[in-house]
Colleague: 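Pasting a structure below so you can have a look.
For ligands, and for the atoms within them, numbers begin at 1 and follow the listed sequence. Numbers here simply count residues along the sequence, with the first being 1. Remember, predicted model here, so these are calculated numbers, not experimental data. Values reported hereafter were calculated over all heavy atoms of this structure, with side chains retained and with hydrogens, waters and symmetry mates removed.
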Amino acid sequence: MVANGISNGDGKSVPREIETRLFINNEFVKAQKEGTFEVINPATEEITAHVQEATNADVELAVAAAEAAFPAWSELGGFQRAAYFYKLADLFEQHNDQLALLEAVSMGRPVSTYTEGLASARFLRYMAGKATDIQGESSLQTAGFVNITLRQPYGVCAAITPWNAPVTMMTFKMGPAVIAGNTLIAKSSEKAPLTSLLIAKLVKEAGFPPGVINILNGHGALCGAALSAHPRIRKISFTGSVRAGKAILEAAAKSNLKKVTLELGGKSPLIIFEDADVVSAAEAAAKSILLNSGQACIASSRVYVHESIADTIGKELVRVLKSQGSNPQEGNDPLLPTTRRGPQATEGQFTSILGYFSEAKEAGYEILCGGKQEGRKGFFIEPTVIFKADEQSRVMKEEVFGPVICLSVFTDEKEVLKRANDSEYGLYASVYTHDIKRALRVAKTFEAGNVGVNVTSPMMTHDMPFGGWKQSGIGQELGVYSVREWTELKTIYMAL
Ligand code: NAD
């Protein structure tokens with residue numbers, strides 16, 4: 001553990017102990033092989049914590065603990081498992097402010113906008129309700145037989161999560177995996193591991209039996225690779241980049257062919273037709289790209305606007321983006337209640353975005369606003385609109401993961417749909433129009449797992465499935481689908 005001074009948001013420094021160890025079998029333990037990694041505060045560029053790094057030996061311990069816990073946990077009734085979830089949900093709610101502080105000093109998320117603890121509490125309660133919804137089917141369609149199916153947990157499972165929404169991503173996996181009767185080893189991102197360790201503390205406080213939920217810190221190449229290739233882990237769920245998703249799929253194939261669910265990246269199009277409500281469309285586009293400083297897989301990063309309203313939308317977008325600024329006079333501190341927008345979470349992320357800006361400038365694209373670093377300290381980027389970038393350019397094809405909109409102009413519905421779908425990603429797509437027939441036509445034609453009609457991301461709900469088409473993913477999270485993804489199906493044939 002390290003003791004660190006964290007401001008409480010009123011500018012005061014409150015010494016707080018930050019947990020940095022691994023959580024195995026309901027105990028906080030040091031990594032077996034001496035080793036730590038640094039977590040950097042992206043607003044100050046100072047070290048927040050040195051965190052214990054899990055390697056193969058720690059993964060083995062966690063697998064043994066999860067294996068030992070599985071028989072009793074999977075034999076519990078749904079209501080009994082749900083009781084733990086309700087306690088955990090209450091604790092999430094009570095600790096939202098502490099989660100916010102930890103996220104602020106590890107990934108720069110402003111405390112003023114932080115609600116992940118509250119939203120995750122709601123999700124855990126929803127999942128608790130799903131405990132008794134895990135059912136098979138029956139068939140009398142074969143003469144002389146009654147045939148039934150059972151949905152059963154896999155056993156020991158794993159989850160690997162990204163840094164951009166650490167608490168949400170952890171609960172999206174932990175919730176359905178554990179309510180379905182599996183035991184779990186979750187690895188947090190090396191860039192934002194601190195809230196996962198607070199979750200571990202809450203898991204223990206909620207009274208979960210040892211070994212049901214284990215949480216490891218570490219890098220993808222060490223801990224992540226060990227989990228993906230482990231011969232006794234039967235299912236793994238991953239959220240992160242396409243690159244890492246492919247590595248996990250490959251490791252799963254080469255080891256024990258464990259089942260893999262992948263939630264990967266996005267380059268989401270938003271089409272605004274000439275009959276749309278221009279102000280609400282521009283506001284929605286700005287809100288979508290500013291969420292988490294653009295570090296969201298679902299961000300509407302490609303905006304296509306009909307030529308007749310291109311000028312108005314462009315001006316409106318710039319106005320809203322500028323009004324949703326950070327707080328340069330007060331140093332943009334994510335811990336201050338007045339800061340609305342934080343820095344990019346890491347230096348790598350920050351440098352990568354500046355690289356896209358250099359390319360855009362070299363190509364001669366018009367930049368309607370932004371296009372550079374904001375302030376002098378920390379990894380802040382100005383909200384940016386790049387106008388009419390080449391459809392095949394890197395900034396139009398790749399996930400920038402920053403507050404950067406590519407604004408393009410179209411004249412014809414068919415043509416714009418072709419351009420919108422010309423992407424290897426297919427996570428989220430949106431359309432703004434008052435013409436219901438056109439809305440449905442466009443929604444049907446989008447090649448994406450999620451579509452917004454007169455709304456855009458981050459619109460999503462706990463009870464509806466969320467997943468990506470094409471290289472945006474495999475499988476679904478949320479809703480009843482997520483619980484199904486964490487169960488094996490068995491058919492039983494019974495002769496009469
Ligand atoms: P990342 O892929 O670099 O890392 C994600 C996690 O994978 C981390 O825990 C990392 O340690 C681990 N990892 C990396 N390489 C690995 C390997 N070879 N084997 C096993 N584990 C490995 O991604 P990131 O930079 O943390 O997150 C940003 C990405 O996540 C973006 O592409 C974003 O779009 C995506 N994302 C997707 C969703 C979604 O639901 N579709 C949600 C949030 C983020």
Side-chain angles (χ1 to χ4, degrees), residues 37 39 42 51 53-56 59 106-107 116 158-173 185-193 195-196 215-230 233 236-255 258 260-268 289 291-301 344-350 352-353 398-402 423-428 448-450 457-458 460 465-478 482 485:
F37 59 91
V39 174
V51 177
E53 167 106 53
T55 57
N56 275 350
V59 169
S106 51
M107 64 156 298
E116 273 192 55
I160 299 182
T161 54
W163 49 266
N164 60 341
V167 172
T168 303
M169 295 300 129
M170 188 62 83
T171 33
F172 277 10
K173 299 187 187 311
I185 304 154
K187 186 191 92 62
S188 58
S189 165
E190 63 279 12
K191 291 165 193 156
T195 42
S196 300
I215 296 184
L216 303 179
N217 328 306
H219 283 82
L222 286 171
C223 180
L227 290 170
S228 322
H230 201 284
I233 292 175
I236 189 163
S237 171
F238 169 75
T239 296
S241 61
V242 173
R243 175 199 57 77
K246 286 183 178 175
I248 289 164
L249 202 53
E250 199 179 335
K254 284 186 176 158
S255 54
K258 57 179 68 61
V260 180
T261 304
L262 300 175
E263 295 288 351
L264 308 175
K267 189 75 188 172
S268 302
I289 204 70
L291 175 78
N292 210 11
S293 301
Q295 302 166 125
C297 53
I298 48 179
S300 301
S301 48
Q344 307 315 121
T346 64
E347 187 171 9
Q349 203 50 48
F350 169 77
S352 150
I353 297 170
E398 296 176 5
E399 200 173 29
V400 175
F401 236 49
S423 170
E424 277 303 302
Y425 291 115
L427 191 57
Y428 208 110
N450 306 274
S457 65
M460 55 203 279
F466 177 85
W469 282 25
K470 301 192 272 188
Q471 293 200 38
S472 284
I474 299 175
Q476 261 88 34
E477 289 195 319
L478 304 182
S482 64
E485 295 267 0

Colleague: Kindly confirm or rule out an N or O of Gly220 lying under 3.5 angstrom from an N or O of ligand 1.
Modeller: yes
Colleague: Give me the one residue out of Ile236, Leu227, Ile160 that meets side-chain contact (heavy atoms from CB on, under 4.5 Å) with Ile185.
Modeller: Leu227
Colleague: Measure the distance from atom 15 (N) of ligand 1 to every protein heavy atom, then report the residue, atom name and distance (to 0.1 Å) of the closest one.
Modeller: Ala244 CB, 3.5 Å
Colleague: Would one find an N or O of Ser228, backbone or side chain, under 3.5 Å from an N or O of ligand 1?
Modeller: no
Colleague: Does Phe401 have a heavy atom less than 4.0 Å from any atom of ligand 1?
Modeller: yes
Colleague: Give the residue and atom name of whichever protein heavy atom lies nearest to atom 23 (O) of ligand 1, and the separation in Å to one decimal.
Modeller: Ser241 N, 3.4 Å
Colleague: To check your reading of the model: name the closest protein heavy atom to atom 35 (C) of ligand 1, its residue, and the distance in Å.
Modeller: Gly240 O, 3.2 Å
Colleague: Determine whether Glu53 and His219 make a side-chain contact, defined as any pair of heavy atoms from C-beta on separated by less than 4.5 Å.
Modeller: yes
Colleague: So if I count the atoms of ligand 1 from 1 in the order they appear, which ones are less than 4.0 Å from some heavy atom of Ile248?
Modeller: 19 (N), 20 (C), 21 (N)
Colleague: Report yes or no: does Lys267 contribute a side-chain atom to a donor-acceptor pair with the main-chain N or O of Glu398 at less than 3.5 Å?
Modeller: yes
Colleague: Do me a favour and list the nearest non-hydrogen protein atom to atom 41 (N) of ligand 1 with residue, atom name and distance?
Modeller: Leu264 O, 2.6 Å
Colleague: Does Ala225 have a non-hydrogen atom less than 4.0 Å from ligand 1?
Modeller: yes
Colleague: Return yes if some donor-acceptor pair links the side-chain N/O of Lys258 with the main-chain N/O of Ser228 below 3.5 Å, else return no.
Modeller: yes
Colleague: Counting non-hydrogen protein atoms only, what is the nearest one to atom 7 (O) of ligand 1? Give residue, atom name and distance.
Modeller: Phe238 CE1, 3.0 Å
Colleague: Under a 3.5 Å distance rule, please check whether Gln344 uses its side chain to pair with a backbone N or O of Ser293 as donor and acceptor.
Modeller: yes
Colleague: Using only atom types and a distance under 3.5 Å, with no angle test, would you say the side chain of Ser472 pairs donor to acceptor with the backbone of Glu263?
Modeller: no
Colleague: Check for me whether Arg243 has a heavy atom closer than 4.0 Å to any atom of ligand 1.
Modeller: yes
Colleague: Using non-hydrogen atoms of the residue, decide whether Ser188 is closer than 4.0 angstrom to ligand 1.
Modeller: yes
Colleague: Short question: side chain of Glu399, backbone of Gly266 - any donor-acceptor pair under 3.5 Å?
Modeller: yes
Colleague: Taking both backbone and side-chain atoms of His219, is any N or O found less than 3.5 Å from an N or O belonging to ligand 1?
Modeller: no
Colleague: Pairing donors with acceptors under 3.5 angstrom, does anything connect the side chains of Lys173 and Ser237?
Modeller: yes
Colleague: Return the residue, atom name and 0.1 Å-rounded distance of the protein heavy atom closest to atom 26 (O) of ligand 1.
Modeller: Trp163 CD1, 2.7 Å
Colleague: Side chain of Glu477, backbone of Phe466: donor and acceptor closer than 3.5 Å?
Modeller: no
Colleague: To check you understand the geometry: which heavy-atom pair defines the closest contact between Gly294 and Ala299, and what is its length?
Modeller: O-CB, 4.5 Å
Colleague: Among all the protein's heavy atoms, is there at least one whose distance to atom 11 (O) of ligand 1 comes out below 4.0 Å?
Modeller: yes
Colleague: Does an N or O from Thr239, backbone or side chain, lie closer than 3.5 Å to an N or O of ligand 1?
Modeller: no
Colleague: Which of the numbered atoms in ligand 1 are below 4.0 angstrom from a heavy atom of Ile160?
Modeller: 6 (C), 7 (O), 9 (O), 12 (C), 20 (C), 21 (N)
Colleague: Where does Leu427 meet ligand 1, judged by heavy-atom distances below 4.0 Å: at the side chain, the backbone, both, or neither?
Modeller: side chain
Colleague: Which atoms of ligand 1 sit under 4.0 Å from any heavy atom of Asn164?
Modeller: 43 (C), 44 (C)
Colleague: Mark yes or no for whether Gln295, through its side chain, and Asn292, through its backbone, hold a donor-acceptor pair below 3.5 Å.
Modeller: yes
